[in-house]
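Taking it in order: structure first as structure tokens, then the write-up.
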Amino acid sequence: MAKRIAVLVTDLVEEIELTDPVKAYEEAGHSVEIISDEAGKLIKGKNGDEIKADKGIDEVNASDYDALLVPGGFSPDLLRINPKNGAFAKVFMEKEKPVFAICHGPQFLVETDLLKGKELTSFVSVRKDLENAGATVKDEEVVVDGNLVTSRTPDDLPAFNREALKLLK
């Protein structure tokens with residue numbers, strides 16, 4: 001059965017960490033919506049690509065989606081500025097819906113206040129933040145803890161996508 005996946009993202013995203021999973025999800029028959037500050041926003045990626053947001057955070061409801069993707073780059077840090085983004089992600093964590101976060105993406109999940117006791121991985125520079133939030137951080141290409149799938153870098157995308165697709169079945 002096809003799932004509806006929310007991608008929460010803003011400027012300075014690492015483009016491949018958005019485009020590669022989205023392609024994998026769509027090829028598997030799932031639908032994806034890009035959610036940012038406002039509908040139609042042209043998100044400027046870290047490497048200069050532009051990605052158009054489908055919806056703004058003010059017009060979405062987490063209950064309308066089956067899973068959440070948080071790509072990396074500097075987007076996760078910028079997402080933390082607006083508390084509505086953290087509240088949106090928190091619903092996925094509370095309802096144990098699949099949450100996929102790669103590179104700096106797991107850093108954004110600190111905003112949910114629900115990382116205590118979770119096992120995950122991330123880019124090396126945000127690992128201390130995750131430990132301080134109560135998570136156990138591993139240095140592995142992909143870590144799956146219940147509904148949460150995390151990876152470290154774009155090099156880990158094949159494993160990240162594989163495990164995310166397993167949870168979407």
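Just so it is clear, the model here is predicted, and its values are computed rather than measured.
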Counting C-beta onward and ignoring hydrogens, is there a side-chain heavy-atom pair between [X] and [Y] closer than 4.5 Å?
{"X": "Phe123", "Y": "Ile102", "answer": "no"}
{"X": "Leu114", "Y": "Glu94", "answer": "yes"}
{"X": "Val70", "Y": "Leu68", "answer": "yes"}
{"X": "Ile35", "Y": "Val7", "answer": "no"}
{"X": "Met93", "Y": "Val99", "answer": "yes"}
{"X": "Leu8", "Y": "Ile57", "answer": "yes"}
{"X": "Pro71", "Y": "His104", "answer": "no"}
{"X": "Leu130", "Y": "Thr136", "answer": "no"}

Out of curiosity, does [Y] fall in the hydrophobic cluster containing [X] (side-chain heavy atoms, cut-off under 4.5 Å, transitive links)?
{"X": "Phe88", "Y": "Val13", "value": "no"}
{"X": "Leu165", "Y": "Ile5", "value": "yes"}
{"X": "Val142", "Y": "Leu148", "value": "no"}

N/O donor-acceptor pair under 3.5 Å between [X] side chain and [Y] backbone:
{"X": "His30", "Y": "Lys3", "value": "yes"}
{"X": "Thr153", "Y": "Asp155", "value": "yes"}
{"X": "Asn147", "Y": "Pro98", "value": "no"}
{"X": "Thr121", "Y": "Thr150", "value": "no"}
{"X": "Asp156", "Y": "Arg152", "value": "yes"}
{"X": "Lys90", "Y": "Leu109", "value": "no"}
{"X": "Ser75", "Y": "Leu12", "value": "no"}

- prompt: CZ of Arg4 to OG of Ser31: how many Å apart, nearest 0.5 Å?
  reply: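 Between Arg4 CZ and Ser31 OG, I get 6.5 Å after rounding to 0.5 Å.
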- prompt: To the nearest 0.5 Å, what is the distance between CG (Leu168) and CG (Asp66)?
  reply: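 It is 8.0 Å, given to the nearest 0.5 Å.
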Quick one: closest heavy-atom pair of [X] and [Y], and the distance?
{"X": "Glu14", "Y": "Pro154", "result": "CG-CG, 4.3 Å"}
{"X": "Gly105", "Y": "Ala101", "result": "C-CB, 3.7 Å"}
{"X": "Leu79", "Y": "Val9", "result": "CD2-C, 4.0 Å"}
{"X": "Val60", "Y": "Tyr65", "result": "CG1-OH, 3.6 Å"}
{"X": "Ala53", "Y": "Ser36", "result": "CB-CB, 3.7 Å"}
{"X": "Phe160", "Y": "Pro21", "result": "CE2-CG, 4.1 Å"}

query: In this structure, are over 12 heavy atoms from other groups packed under 6.0 Å from Glu59 atom CD?
result: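 Buried by this count: over 12 neighbours within 6.0 Å.
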Note: [X]-[Y] ion pair, threshold 4.0 Å (strictly below):
{"X": "Asp139", "Y": "Arg127", "value": "yes"}
{"X": "Glu119", "Y": "Lys138", "value": "yes"}
{"X": "Lys84", "Y": "Asp58", "value": "yes"}

message: For the residue pair Asp129 / Gln107, report whether a side-chain donor-acceptor contact shorter than 3.5 Å exists.
response: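 Their side chains do contain a donor-acceptor pair, which is all the 3.5 Å distance test asks for.
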field: Residue among Leu18, Asp54, Val22 satisfying side chain to side chain contact (heavy atoms under 4.5 Å, CB included) with Val32
entry: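 Per the side chain to side chain contact (heavy atoms under 4.5 Å, CB included) rule, the option paired with Val32 is Val22, out of Leu18, Asp54, Val22.
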- request: Determine the sole option in Ile43, Asp20, Asn47 for which the side chain to side chain contact (heavy atoms under 4.5 Å, CB included) test with Glu15 is passed.
  value: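 Checked Ile43, Asp20, Asn47 against Glu15; only one passes side chain to side chain contact (heavy atoms under 4.5 Å, CB included): Asn47.
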message: In this structure, is the centre-to-centre distance between the rings of Phe100 and Phe92 below 6.0 Å?
response: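 Centroid separation for Phe92 and Phe100: 6.0 Å or greater.
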field: Residues which pass salt bridge (Lys or Arg N to Asp or Glu O under 4.0 Å) with Asp37, listed by chain and number, not counting sequence neighbours
entry: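 Asp37: salt bridge (Lys or Arg N to Asp or Glu O under 4.0 Å) contacts with Lys41.
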